[in-house]
Amino acid sequence: MILKEFGEAAQQKLLKAKVMMVGAGGLGCPALQYMAAAGVGTIGIADHDTVALNNLQRQVLYAVNDIGKSKAERAALRLQELNPDIEIIPYNERLTQQNTLSIIDAFDIIIDGTDNFSTRYLINDACVLLNKPLVYGAISQYEGQVAIFNYRKNEGDPAVNYRDLFPQPPKDDEVLNCEEAGVLGILPGIIGTMMANETIKIITGIGEPLINQLLTYNALNNQVYQLSLSAGKETRSLIPESAAAFTQTDYEWLCAPSLRKFEIDVENFNTLLRSDDVTVVDVRESDEIPVVNEFISEKIPLSQLKENLAGIKNNTIIFFCQTGNRSLQAARWLFDTFGETKNIYSLRGGILQWKKFQNTQTA
């Protein structure tokens with residue numbers, strides 16, 4: 001309160017504010033901690049997931065004892081301990097086109113800390129329909145992004161939304177998430193606190209929020225780029241026109257992988273391994289673990305696959321990667337080249353699922 005241009009008035013604005021955090025993961029954890037500590041009066045947390053061991057290097061609200069428990073509920077408990085004078089409302093459910101409008105309508109500002117495109121477009125379209133400011137953040141490997149969407153500095157100004165940046169959603173198997181690509185654990189902490197900072201600026205009216213701006217940050221070299229965004233006339237037509245149209249929009253289908261027909265499970269994979277006319281291709285990068293020495297495979301990283309498609313001679317080809325996403329993309333590329341003249345497969349769940357299955361069989 002002793003800060004110039006902040007004071008008691010701004011602190012009161014924080015106390016009266018209602019903020020919804022969608023996703024209590026890598027981005028959500030730091031954003032939630034700093035908003036609770038700052039005194040945001042009402043904080044909603046929407047997340048249907050549970051805490052897993054591989055979350056803990058970046059999702060710092062949780063501990064080993066929280067594994068298997070609801071993220072929304074555990075986060076709410078920790079934040080209430082941090083600041084018992086504010087209201088924390090956990091929503092241990094997945095946001096869908098049926099419940100999103102009713103849930104977020106009670107909040108002033110929405111923060112998107114999700115890691116999948118179907119939910120990201122769902123949230124964006126709901127915020128446009130309800131005229132809610134949306135604080136956006138995203139991370140991958142060593143780089144993160146922050147922006148503010150659907151917010152007008154002045155009455156009559158055009159409001160940029162997420163679709164002005166990415167009009168159409170990619171398929172979920174076309175872009176690697178943190179499980180596939182990895183992420184430096186400290187990066188979501190940096191981007192998440194930036195998101196909290198932008199939220200506090202919107203609430204209190206201080207500073208210059210990233211309205212119609214996209215900020216990118218690279219953790220390896222500390223380079224920061226800030227790009228101006230503008231609203232496109234055609235973008236609004238991509239968003240449902242009404243609440244009724246919104247509830248009829250299947251966001252899961254819009255972003256769903258289109259190549260599940262190529263997937264085979266571990267047991268069918270093991271059966272095909274015994275065939276003479278089969279090539280197994282590991283599309284992971286050369287330094288990725290675990291090492292595979294239980295069966296013969298060719299190693300062609302996805303980044304080099306297109307240049308090497310002609311060298312794959314057998315009639316049955318099985319791709320695998322870490323968790324099954326990149327191998328689906330490889331299957332599509334091969335199918336686009338050879339069509340149905342070859343039997344093309346992708347190992348569902350990737351080598352991690354295969355290793356897990358093998359361990360259960362030998363236990």
Side-chain angles (χ1 to χ4, degrees), residues 20-28 31 44-50 52 55 59 70-72 91-105 107 110-130 132 134-140 144-145 147 149-150 160-181 183 188 191 195 235-263 323-329 332 346 348-350:
M20 163 60 75
M21 182 79 234
V22 185
L27 294 171
I45 308 171
D47 199 314
H48 72 294
D49 200 5
T50 57
N55 298 152
Q59 300 181 21
S70 161
K71 287 184 179 180
Y91 295 86
N92 185 22
E93 56 186 299
R94 184 182 183 89
L95 292 188
T96 68
Q97 61 267 39
Q98 280 75 38
N99 64 13
T100 296
L101 293 177
S102 60
I103 289 176
I104 71 173
D105 193 35
F107 296 87
I110 313 303
I111 306 178
D112 178 7
T114 60
D115 62 356
N116 66 86
F117 288 102
S118 57
T119 307
R120 191 165 289 166
Y121 281 87
L122 172 90
I123 297 167
N124 174 78
D125 293 358
C127 286
V128 172
L129 287 172
L130 296 174
K132 302 284 185 182
L134 175 62
V135 179
Y136 156 80
I139 51 172
S140 180
Q145 300 177 339
F149 295 123
N150 202 44
V160 171
N161 70 78
Y162 182 69
R163 287 186 184 268
D164 289 308
L165 184 60
F166 303 110
Q168 296 286 357
K171 304 300 182 184
D172 273 345
D173 58 347
E174 291 179 339
V175 179
L176 303 184
N177 58 24
C178 290
E179 298 293 334
E180 280 278 327
V183 63
I191 301 300
M195 296 167 72
T235 302
R236 189 60 183 83
S237 65
L238 301 173
I239 297 172
E241 296 182 355
S242 64
F246 177 84
T247 60
Q248 296 300 313
T249 303
D250 191 340
Y251 287 87
E252 293 287 340
W253 180 84
L254 287 174
C255 300
S258 58
L259 302 165
R260 298 305 180 193
K261 63 181 181 180
F262 295 121
E263 285 189 323
T323 60
N325 284 344
R326 282 172 287 176
S327 57
L328 270 175
Q329 188 167 330
R332 183 187 65 183
S346 168
R348 181 187 300 130

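In this view, T247 satisfies the side chain to side chain contact (heavy atoms under 4.5 Å, CB included) rule with no residue, not counting sequence neighbours. For the side chain to side chain contact (heavy atoms under 4.5 Å, CB included) test, residues two or more places apart in sequence or in another chain that qualify with M195 are L27, I111, V135, V146, I191. Under the salt bridge (charged side-chain N to carboxylate O under 4.0 Å, His left out) criterion, D125 pairs with R163, not counting sequence neighbours. Listed by chain and residue number, Y251 satisfy the ring pair (Phe, Tyr, Trp, His ring centres under 6.0 Å) test with F246 (two or more places apart in sequence, or in another chain). Judged as a side chain to side chain contact (heavy atoms under 4.5 Å, CB included), and not counting sequence neighbours, the contacts of A52 are N54, N55. With sequence neighbours left out, the side chain to side chain contact (heavy atoms under 4.5 Å, CB included) criterion links T50 to no other residue.
Annotation: the span from R332 atom CZ to S346 atom OG amounts to 12.5 Å, rounded to 0.5 Å. Residue Q145 holds its CD atom at 11.0 Å from CD1 of I139, rounded to the nearest 0.5 Å.
Remark: side-chain polar atoms of D47 are paired, donor with acceptor, to backbone N or O of A24 under 3.5 angstrom. Panel note: side chain N161, backbone N150; no donor-acceptor pair is recorded below 3.5 Å. The main-chain N or O of A126 is never found under 3.5 Å from a side-chain atom of K132 such that the two would form a donor-acceptor pair. Remark: side-chain polar atoms of N99 are paired, donor with acceptor, to backbone N or O of R94 under 3.5 angstrom.
Here the shortest heavy-atom pairing between Y121 and F166 reads OH-O, 2.8 Å. Nearest approach of L238 to P167, heavy atoms of both residues: CD1-O, 3.5 Å. Residues L101 and A243 share a closest heavy-atom pair of CD1-CB, 3.7 Å.
By the 30° and 60° cut-offs, the orientation of the rings of F149 relative to Y136 is tilted.
Side-chain contact between D112 and N124 is absent, with no heavy-atom pair separated by less than 4.5 Å. Residues Q59 and K71 have side chains in contact (heavy-atom distance under 4.5 Å, counting atoms from C-beta outward).
Atom CD of E241 is surrounded by 12 or fewer heavy atoms from other residues, nucleotides or ligands within 6.0 Å.
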Next item on the list: Would you please test Y91 and M20 for side chain to side chain contact (heavy atoms under 4.5 Å, CB included) and show each step?
Entry: CA-CA 10 Å; Y91 295 86; M20 163 60 75; 3.5 Å; yes
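Checked by atom type, the side-chain pair N116/T114 shows no donor-acceptor distance below 3.5 Å.
If you run side chain to side chain contact (heavy atoms under 4.5 Å, CB included) between L122 and each of L95, V22, T96, T249, only L95 comes through.
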